[in-house]
Amino acid sequence: MSSLVPAFLSRLICKFFVLLFVSVFGMQMAYADMQVGKLVISDIAIRATAPGMSATAGYLTIANHGMKADRLVAVKADFAEKSMIHEMTNVDGIAKMRHVMGGVEVPAHGNVALEPGGLHLMFMGLKDTLAVGQTLSVTLVFEKAGTQKQDAMVKKPADIGGMSTDSKTKKKHSH
Ligand SMILES: [Cu+2]
């Protein structure tokens, strides 16, 4: 019967450590949530460039698990002189890009995809050639979630998914 006490004690100690683990882990989770707000942002895929190319595009998806809509309002990148949010639209069979004024809404409990053929990040005045495999950093500015630094991977255009219109329509860029 004397073994009952240690067994009871060890169960109690065990419970205590489980609780301790859960609370520490839980706190870390909450902290990570606070850092990104209610937004879950994918890594950014950037089109690799050939030497001499001065502009390229970046793609990503943003999910919003919050109750309120947010808005991507600005983009910043050290490797480009100018970064903007663009949208490709099809006007009479010709794909055109335009600057999206006022940013892109990320609806509550929804998501937005910036993908080939539609919305994209536009990087102009590139300082170097962007080679496949390079990792860059892009800063996204949200109306509510604030500033968010995000990894950006340089990829072959063929490795970037989305609804590409390259083969069907002529591209025209106003910059
Ligand atoms: Cu563009």
Side-chain angles (χ1 to χ4, degrees), residues 28-29 31-66 69-90 94-107 110-175:
Q28 279 174 343
M29 294 286 284
Y31 184 62
D33 271 358
M34 267 166 55
Q35 279 189 312
V36 293
K38 299 288 184 189
L39 300 180
V40 178
I41 307 161
S42 74
D43 280 341
I44 298 167
I46 293 183
R47 272 172 178 264
T49 62
M53 268 175 73
S54 64
T56 193
Y59 310 97
L60 74 154
T61 57
I62 306 159
N64 183 358
H65 296 296
D70 206 334
R71 185 170 280 272
L72 174 65
V73 289
V75 191
K76 294 172 194 170
D78 287 343
F79 56 88
E81 274 166 25
K82 203 172 181 188
S83 304
M84 300 168 101
I85 303 161
H86 270 192
E87 184 170 30
M88 201 185 296
T89 49
N90 204 311
I94 297 169
K96 289 186 178 180
M97 295 202 217
R98 67 178 185 91
H99 177 204
V100 179
M101 305 294 282
V104 175
E105 195 189 58
V106 191
N111 59 72
V112 65
L114 284 77
E115 58 185 7
L119 290 163
H120 56 276
L121 305 179
M122 196 79 207
F123 303 104
M124 285 160 290
L126 298 177
K127 292 165 186 173
D128 291 299
T129 302
L130 305 181
V132 173
Q134 260 183 283
T135 304
L136 305 166
S137 181
V138 171
T139 300
L140 303 173
V141 184
F142 292 92
E143 204 171 70
K144 295 195 180 79
T147 295
Q148 187 66 33
K149 229 178 183 185
Q150 207 69 15
D151 278 345
M153 317 290 177
V154 180
K155 294 184 176 182
K156 272 188 287 188
D159 291 341
I160 300 172
M163 39 170 191
S164 181
T165 54
D166 289 13
S167 55
K168 286 170 242 158
T169 51
K170 280 183 191 168
K171 261 188 193 173
K172 193 180 173 190
H173 204 282
S174 52
H175 307 289

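Numbers here are sequence positions counted from 1. Note: hydrogens, waters and symmetry copies are ignored here, and every other heavy atom, side chains too, is used.
Listed by chain and number, the residues in a salt bridge (Lys or Arg N to Asp or Glu O under 4.0 Å) with E87 are R98 (sequence neighbours excluded).
What you find for I44 and Q150 is that their closest heavy atoms are CD1-CB, 3.9 Å. Residues L126 and A80 come closest through the heavy atom pair CD2-CB, 4.0 Å. Closest heavy-atom contact between L39 and A145: CD1-CB, 3.7 Å. Contact between T129 and A50 at its shortest, heavy atoms only, is CG2-C, 4.0 Å. Summarising the geometry of E143 relative to D70, their closest heavy-atom pair is N-OD1, 3.4 Å, with the distance given to 0.1 Å. When all heavy atoms of K155 and V132 are compared, the closest pair comes out as C-CG2, 4.1 Å.
T61 places no side-chain N or O within donor-acceptor distance of the main-chain N or O of S42, the cut-off being under 3.5 Å. For the pair K127 (side chain) and D78 (backbone), a donor-acceptor distance under 3.5 Å is present. The closest donor-acceptor contact from the side chain of T56 to the backbone of R47 lies under 3.5 Å.
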I would like to know whether I62 and V104 meet side chain to side chain contact (heavy atoms under 4.5 Å, CB included); could you show each step before the answer?
CA-CA 10 Å; I62 306 159; V104 175; over 6 Å; no
Let's go through N111 and V106 carefully: what are the C-alpha distance in whole Å and the side-chain angles of both, what is the deciding distance for side chain to side chain contact (heavy atoms under 4.5 Å, CB included) to 0.1 Å, and is it a yes or a no?
CA-CA 6 Å; N111 59 72; V106 191; 5.6 Å; no
Intermediate values then yes/no, side chain to side chain contact (heavy atoms under 4.5 Å, CB included), F142 and I41
CA-CA 11 Å; F142 292 92; I41 307 161; 3.7 Å; yes
Please test L136 against F123 for side chain to side chain contact (heavy atoms under 4.5 Å, CB included), starting from the C-alpha separation and ending with a verdict.
CA-CA 12 Å; L136 305 166; F123 303 104; over 6 Å; no
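Taken from CG in L72 to CD in Q148, the straight-line distance is 11.0 Å, to the nearest 0.5 Å. Separating the CZ atom in F79 from the OG1 atom in T49 is a distance of 10.0 Å, to the nearest 0.5 Å. Here M88 contributes atom CE and H120 contributes atom NE2; the two are 5.5 Å apart, rounded to the nearest 0.5 Å. Summarising the geometry, atom CZ belonging to R71 is positioned 5.5 Å from atom CD belonging to E105; distances are rounded to the nearest 0.5 Å. We find the CD1-CG distance between I85 and L121 to be 7.0 Å, quoted to the nearest 0.5 Å. The distance from atom CG of D128 to atom CD of Q134, rounded to the nearest 0.5 Å, is 7.5 Å.
Other residues, nucleotides and ligands contribute at most 12 non-hydrogen atoms within 6.0 Å of the NZ atom of K82.
H86 and H99 have tilted rings, their planes meeting at an angle from 30° to 60° on a 0 to 90° scale.
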